[in-house]
S.K.: 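I have a structure I would like to understand better, so I am pasting it below and will then ask my questions one at a time.
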Amino acid sequence: MRRALLLAIVLAGCGCPCDATDIARDLAGDGATDCGFVRLGDDPAPVLACAEQAIAEERAFSAGFARFGIDSEVRTYVTRREDGSARALSYDGDPSGGDGACPRLVAFRCVGPIERRTDGFGPRSVTILACSTSSTEEAVLCDR
């Protein structure tokens with residue numbers, strides 16, 4: 001966690017870069033399985049299968065999922081460390097609502113199991129992995 005926070009601080013000093021996928025991988029820890037990232041319109045099955053197998057085998061992993069946002073790119077990541085601790089990360093590509101603000105990435109501690117969920121409705125629904133989280137932000141990893 002310390003490396004991810006240091007990485008976020010370094011990135012914050014460089015303008016707007018925020019590589020959420022790399023930060024999620026780092027939070028999962030050394031040796032964690034990178035299950036990948038699902039872009040909108042892509043088949044989530046390989047990423048879901050990889051993450052669910054890692055969960056069943058109690059291994060560390062990271063996985064990410066694009067979701068439909070109102071005015072910017074939105075993503076959800078889940079990570080699990082070897083010690084069993086898990087985090088959900090929420091990424092908003094422009095939290096100002098379209099005014100060009102820098103991305104924001106926030107981590108929350110999972111307080112429930114990581115499981116499949118449907119985000120959105122009708123043709124805008126996507127299958128992601130998520131967990132019930134603590135109600136307060138654990139760490140803001142990118143924000144300017």
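By convention here, the first residue in the shown sequence is residue 1.
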S.K.: How far apart are the C-alpha atoms of Arg75 and Thr21, what are their side-chain angles, what is the distance that settles it, and do they pass the side-chain contact (heavy atoms from CB on, under 4.5 Å) test?
M.R.: CA-CA 10 Å; Arg75 303 178 192 170; Thr21 301; 3.9 Å; yes
S.K.: For the atom pair OG1 (Thr79) and CG (Asp34), what is the distance rounded to the nearest 0.5 Å?
M.R.: 12.0 Å
S.K.: Do Arg87 and Leu89 pass the side-chain contact (heavy atoms from CB on, under 4.5 Å) test, and can you show the C-alpha distance, the side-chain angles, and the key distance before you say yes or no?
M.R.: CA-CA 6 Å; Arg87 306 261 176 317; Leu89 284 70; 4.0 Å; yes
S.K.: Where the side chain of Thr33 meets the backbone of Cys35, is there a donor-acceptor pair that is under 3.5 Å apart?
M.R.: no
S.K.: Kindly check if the number of other-residue, nucleotide or ligand heavy atoms within 6.0 Å of CZ (Arg39) is above 12?
M.R.: no
S.K.: What pairs of donor and acceptor atoms, side-chain ones from residues 102-112 against any protein atom, are under 3.5 angstrom apart with sequence neighbours left out?
M.R.:
from   : atom 1 : to     : atom 2 : distance (Å)
Arg104 : NH1    : Asp143 : OD2    : 2.6
Arg104 : NH2    : Glu137 : OE1    : 3.3
Arg104 : NH2    : Glu137 : OE2    : 2.8

S.K.: Got a list of side-chain donor-acceptor pairs under 3.5 Å for residues 43-51, not counting sequence neighbours?
M.R.:
from  : atom 1 : to    : atom 2 : distance (Å)
Asp43 : OD1    : Ala45 : N      : 3.0

S.K.: Do Leu141 and Leu27 have side chains that get closer than 4.5 Å, going by heavy atoms?
M.R.: yes
S.K.: Does Leu40 share a hydrophobic cluster with Tyr77, counting links as ILVMFWY side-chain heavy atoms below 4.5 Å and allowing steps through other members?
M.R.: no
S.K.: Can you list every pair that meets disulfide bond (SG atoms under 2.5 Å apart) and has a residue in residues 52-100, with sequence neighbours left out?
M.R.: none
S.K.: Is there a chain of hydrophobic side chains (I, L, V, M, F, W, Y, each step under 4.5 Å between heavy atoms) that links Phe37 to Leu129?
M.R.: no
S.K.: Using atom types as modelled, flag every donor-acceptor pair under 3.5 Å from a side chain in residues 60-71 to any protein atom, sequence neighbours excluded.
M.R.:
from  : atom 1 : to     : atom 2 : distance (Å)
Arg67 : NE     : Asp119 : OD2    : 3.3
Arg67 : NH1    : Thr76  : OG1    : 2.5

S.K.: Apply the hydrophobic cluster definition, ILVMFWY joined by side-chain contacts under 4.5 Å directly or through others, and give me every member besides Val74.
M.R.: none
S.K.: CD1/Ile23 to CZ/Arg25 distance, rounded to the nearest 0.5 angstrom?
M.R.: 11.5 Å
S.K.: Applying salt bridge (Lys or Arg N to Asp or Glu O under 4.0 Å), which residue pairs with at least one partner in residues 53-64 are found, sequence neighbours left out?
M.R.: Glu57-Arg59
S.K.: What pair of heavy atoms forms the shortest contact from Cys18 to Tyr91, and how long is it?
M.R.: O-CE1, 4.1 Å
S.K.: To check you understand the geometry: which heavy-atom pair defines the closest contact between Ser72 and Asp92, and what is its length?
M.R.: OG-OD1, 2.6 Å
